[in-house]
Amino acid sequence: MSTTPSTRPFAIVTGASAGIGYELAVLCAQNGYDLLVAADQPKVREAAEAFRRLGAAVDAVEADLATQEGCDRVIAAANGRAVDALLANAGHGLGHAFLDQAFDEIRHVIDTNITGTLYLVQKIVKPMVARRQGRVLITGSVAGFIPGSFQAVYNGTKAFIDSFAFALRNEIKDSGVTVTLLMPGPTDTEFFERAGLMDTKVGQAKKDDPAMVAKVGYDAMMAGESDVVAGWKNKLQTTVATVTPNEILAEMHRKQAEPQGGAPPRDTVHDRPSKR
Ligand SMILES: NC(=O)c1ccc[n+]([C@@H]2O[C@H](COP(=O)([O-])OP(=O)(O)OC[C@H]3O[C@@H](n4cnc5c(N)ncnc54)[C@H](OP(=O)(O)O)[C@@H]3O)[C@@H](O)[C@H]2O)c1
């Protein structure tokens, strides 16, 4: 990135190498933001090239955002530049029965989806509040409304994140900084494969377009809205979920997420090369 101070707004997008985060970064670039993008795998550098072709100045950081060290590297890469928008989107799922899951994988989901997200949000939003300016988009999920049999830990992390986003928004409501919660439903990304969910009903079902989901979230963030569910079917699902007993919701989730062919759980954090 050039050392000449830029007058363009500056956004940090986590999980920008693929899926919803990639599309969020595209929208930021198309709308005049310079970018700092982060993801765990080298693919984030290819994504950065694509964002540069849209006219943005882009820095890319390869970092495991489940670790404080990884999050600190993202913050350091901002080099003290004021952040106008934080799109805290990195996250991943984990299918199969809780008792069959490797604890390292369980911990990695929690550390990415909750701990890393909160750490980055706190570090980046504090200076935003001091400047009385900024936008924050946090990717939660409609999964946060539903006890997620056969994806129990993931849904729990998203229940946490959904709740946290509303609470933080309220705490800083007079600060000039807005917090917006994006709640996608099943979306056609690498999520299901990575979580070992391909052998499930939801893994095989038709899903939302990540570009549509990102646009809904981006527009809500720019409008300073509190929260948005992407897609009318998912809106309906969340409305029904609020009046349905949790025991019934858990049974409904089992039907969607229970492995159909008894595929064994994966025993590594990633089913691809990892720096960990
Ligand atoms: N797809 C859905 O159905 C759905 C529904 C509701 C909510 N969401 C949420 O949407 C967000 C984006 O997911 P997606 O569907 O776009 O999945 P995706 O295509 O798998 O993209 C996930 C992104 O997050 C990054 N990431 C994951 N763990 C990371 C870690 N520990 N450190 C750094 N980067 C990490 C990935 O980078 P690497 O590949 O480099 O790890 C990738 O860039 C997640 O928070 C997810 O929970 C997804």
Side-chain angles (χ1 to χ4, degrees), residues 12-26 37-48 51 60-71 73-74 87-95 104-105 107-117 119-120 137-146 148 151 153-162 165 181-198 200 202-203 205-214 216-217 228-231 233-234 237-238 256-257 269-276:
I12 297 181
V13 186
T14 69
S17 64
I20 298 166
Y22 180 94
E23 301 294 343
L24 286 169
V26 164
V37 293
D40 192 25
Q41 302 293 321
K43 191 175 161 190
V44 71
R45 304 208 174 270
E46 286 165 43
F51 308 144
V61 177
E62 267 176 61
D64 181 2
L65 300 178
T67 68
Q68 189 164 323
E69 185 267 332
C71 294
R73 282 204 284 121
V74 175
L87 295 87
N89 164 83
H92 67 95
L94 182 62
D104 277 359
E105 293 210 29
R107 195 196 308 268
H108 198 264
V109 173
I110 297 169
D111 287 349
T112 302
N113 298 6
I114 299 180
T115 315
T117 300
Y119 183 72
L120 274 179
L137 181 69
I138 301 177
T139 308
S141 177
V142 299
F145 286 77
I146 304 164
Q151 227 206 157
V153 174
Y154 173 77
N155 283 39
T157 66
K158 290 298 172 173
F160 184 110
I161 285 297
D162 290 355
L181 172 65
L182 168 62
M183 289 172 283
T187 306
D188 193 6
T189 67
E190 296 173 11
F191 178 93
F192 292 89
E193 189 157 6
R194 182 172 183 173
L197 282 163
M198 291 312 284
T200 64
V202 66
K206 189 172 180 313
K207 301 182 186 62
D208 291 332
D209 173 8
M212 176 283 286
V213 173
V216 165
V228 65
V229 175
K233 274 192 197 157
N234 301 317
Q237 191 194 4
T238 52
Q256 291 296 317
V269 171
H270 285 107
D271 51 1
R272 54 187 149 166
S274 170
K275 299 199 294 299
R276 281 180 294 279

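Indexing begins at 1, ligand by ligand and atom by atom, following the structure's order. Index from 1, following the sequence.
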After noting the C-alpha distance and the side-chain angles of Gln237 and Ile146, does the key distance pass the side-chain contact (heavy atoms from CB on, under 4.5 Å) rule?
CA-CA 10 Å; Gln237 191 194 4; Ile146 304 164; 3.2 Å; yes
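Considering backbone and side-chain atoms alike, Asp64 places an N or O below 3.5 Å from some N or O of ligand 1. Here's the thing with Gly21: none of its N/O atoms is less than 3.5 angstrom from an N/O atom of ligand 1. Looking at Gln41 next to ligand 1, an N or O pair under 3.5 Å apart turns up. Here's the thing with Gly15: one of its N/O atoms is less than 3.5 angstrom from an N/O atom of ligand 1. Between Pro184 and ligand 1, not a single N/O pair is under 3.5 Å apart.
Every atom of ligand 1 is numbered from 1 in the order shown, and the set under 4.0 Å from a heavy atom of Phe192 is 3 (O). The Glu190 neighbourhood of ligand 1 comprises atoms 19 (O), 20 (O), with distances under 4.0 Å to a heavy atom of that residue. Heavy-atom proximity to Ala66, at under 4.0 Å, picks out these atoms of ligand 1: 31 (N). With ligand atoms numbered from 1 in the order given, ligand 1 contributes 6 (C), 7 (C) to contacts under 4.0 Å with heavy atoms of Ser141. Close contacts between ligand 1 and His108 involve ligand atoms 31 (N) [criterion: under 4.0 Å to a heavy atom].
The side-chain tip of Lys207 does not point at the ring of Phe191 from less than 6.0 angstrom away and within 45° of straight on.
Proximity annotation for atom 5 (C) of ligand 1: of Gly185, Ala230, Ala47, Gly91, Gly185 comes nearest, heavy atoms only. For atom 47 (O) of ligand 1, the nearest non-hydrogen atom from the set Tyr154, Phe191, Tyr22 comes from Tyr154. Of the candidates Asp188, Thr139, Leu24, Thr139 brings a heavy atom nearest to atom 10 (O) of ligand 1.
A distance-only check finds no donor-acceptor pair linking the side chain of Lys158 to the backbone of Phe145 [under 3.5 Å]. With hydrogens and angles disregarded, a donor-acceptor distance shorter than 3.5 Å links the side chain of Asn89 to the backbone of Thr14.
At a 4.0 Å cut-off, not a single heavy atom of Ala143 sits close enough to ligand 1 to count as contact.
Residue Asn89 touches ligand 1 through backbone and side chain together, judged by heavy-atom distances below 4.0 Å. Contacts between Glu62 and ligand 1, counted as non-hydrogen atom pairs separated by less than 4.0 Å, are absent for every part of the residue.
Nearest heavy-atom pair across Gly93 and Ala195 is C-CB, 3.5 Å.
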